[in-house]
Protein chains: 2
Amino acid sequence: MNQGMLQKAIPYYEQVQQTLKERIFNGIYEPGDRLYEVQIAREFAISRSPVREAIRALINEGLLIMDDKSQIYVYEPSLKDVYEIYECRVALESTAVTLVAQKASEDQILQLEKTLSDSASAIKKGEKEEMACLNAKFHELIIDFSDNMRLKKLVNELKSLTNYYRFLNLEGEDRPNVIYKGHFDIFQAIIERNPEKASQKLKEHTHDDLENLVNLLNHKRER
Amino acid sequence: MNQGMLQKAIPYYEQVQQTLKERIFNGIYEPGDRLYEVQIAREFAISRSPVREAIRALINEGLLIMDDKSQIYVYEPSLKDVYEIYECRVALESTAVTLVAQKASEDQILQLEKTLSDSASAIKKGEKEEMACLNAKFHELIIDFSDNMRLKKLVNELKSLTNYYRFLNLEGEDRPNVIYKGHFDIFQAIIERNPEKASQKLKEHTHDDLENLVNLLNHKRER
DNA sequence: AATATGCAGACTGTCGACAGGCGACATGAA
DNA sequence: TTCATGTCGCCTGTCGACAGTCTGCATATT
């Protein structure tokens, strides 16, 4: 018998939260856009209560912000915010990679290796979509292997705050190879069981990402 | 004319959130206690809506948890949780102290020094309350001086999750002096402008705190 | 023309009500 | 006694309504 048959009905507020989040990620709502409880409620043909709840949850996650007049906007990180977010991510992810370098199992290392080699072949074939996916997977595996649920949650929340800019990651000077090199160095340090080096390499790699992002953002702003 | 005169009324849901948080911190609600929307609403003589909103906010902060039947309980960290939380805190705080060692101003260093010396005299006089306060202040100053609002917010949220155990921090073998020594070493590294060392000392210091806490918790559990 | 006043509409904060789900208890059957 | 079924009450999810606040525009005033 299918286990999933007796599934509890998902409450509206969760569905709405999910949907709004997707819309923010997909750019249907853009940074700075204002959101209205009533309008969303009408759109989903439900009352304001669950919508309100979903919005509040997203405010707590930082994806929406409320000004002093209780008006809701899609979060648009300032440059300072972007730096702060990356600083926090580096802090957490470098800790994760330190742990992984100390205690990763053989199987886990194989998974990292496979992701890397898949990444390499994706670069050869020029499959952008695949590359982005595998790069994200590499980071995710490291977080997973650190075996710290809370760290994972924090990193994911931080990532989601700059998620709107994720497609910029592969744009820029020779990015695919630079990223691959960065990941490769991290992997190298892990199999050497050298936590310090792994942490250091991750910091450098993330710094590259940040620098690239900031350059592109500035470039865009100038035009 | 007093600037504060035209203050916007604080909405109920914020007041309730604040009050509930205080109750959790003060142990009026203990870990594992169940909370009811209706009951709290009756107590404050308001409707369920703002109460519900406050509860959801505290769930997002992690101070309350909801089981699969939508029942609300005060969060009680497992031992694994405590380790995870501390791991995240170390990651963030060591990053902060690294930054502080790099760029702290003279004035900021003086503030740290004063907190330390106040701490020393509080130990001499045996003022426990004062000691706890100054120890917290030392950590807070470091976070503040790192000039990263987001990092500060994350650390505060993590702290609040084990806040219930804060009074255990000074209990145990010669804790006041051990803590003072830890803070002193960190301070020393900062004035030496040695980020690596500062980070290392903070990690050791926090590790002491954690070990002490776990010991006391195990000890309690045995009885 | 520039400023003040007032009105209308749009939103948010809060309320009370209803319904659907779940557990506790009771009653009855084996 | 043990287990199945039905009922009751509690609690959460959702709804529609109302009140207060703020914005923008139009009208009035000097």
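Within every chain, numbering begins at 1; the chains are lettered A, B, ... in the order of the sequence lines, protein sequences first and strands thereafter. Small disclaimer: the values here were computed from a predicted structure and weren't measured.
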In terms of the nearest nucleotide of DNA chain D, which residue is placed more toward the 5' end: B:Arg42 or A:Ser47? B:Arg42
Between A:Arg56 and C:dT12, does any side-chain N or O lie under 4.0 Å from OP1 or OP2? no
Expressed in angstrom and rounded to an integer, what is the separation of B:Leu35 atom CG from D:dC10 atom C1'? 16 Å
Tell me whether the OP1 or OP2 atom of D:dG13 has a side-chain N or O from A:Tyr12 closer than 4.0 Å. no
Among side-chain atoms of B:Gln15 and B:Tyr13, is any donor-acceptor pair under 3.5 angstrom? no
Would you indicate, yes or no, if D:dG13 has its OP1 or OP2 atom less than 4.0 angstrom from a side-chain nitrogen or oxygen of B:Ser70? yes
Whole-Å gap separating C1' (D:dC11) and CG (B:Asp67): 12 Å
Can a donor-acceptor pair be found between the side chains of B:Tyr73 and B:Arg34 at a distance below 3.5 Å? no
Would you please say whether a donor-acceptor pair under 3.5 Å links the side chains of B:Asp107 and B:Gln111? yes
Would you mind reading off the distance between B:Ile10 atom CD1 and C:dG13 atom P, rounded to a whole angstrom? 14 Å
Return no unless some side-chain N or O of B:Arg52 is found under 4.0 Å from OP1 or OP2 of D:dG13. yes
Using whole Å, what does the distance between atom P of nucleotide D:dA17 and atom CD of A:Glu37 come to? 17 Å
Among D:dC15, D:dT12, C:dC15, which nucleotide sits nearest the side chain of A:Pro50? D:dC15
Using the side-chain heavy atoms of B:Ser49, tell me which of these nucleotides is nearest: C:dG16, C:dT12, C:dG13. C:dG16
Nucleotide C:dC15, atom P - distance to OH of B:Tyr13 in whole Å: 13 Å
Please give, in whole Å, the distance from C:dA10 P to A:Lys69 NZ? 19 Å
Starting from P on D:dG13, measure out to CD on B:Gln71 and report it in whole angstrom. 10 Å
Checking C:dT12, D:dG13, C:dC22 against the side chain of B:Arg48 (C-beta onward), the nearest is D:dG13
Using 30° and 60° as the class limits, which term best fits the ring planes of A:His183 and A:Phe138: parallel, tilted or perpendicular? parallel
Minimum-distance pair of heavy atoms, taken over all atoms of A:Gln17 and A:Ala54: N-CB, 3.6 Å
In whole angstrom, what separates A:Ile40's CD1 from C:dT12's P? 9 Å
Of the listed D:dC15, C:dC11, D:dT12, the closest approach to the A:Ile46 side chain comes from D:dC15
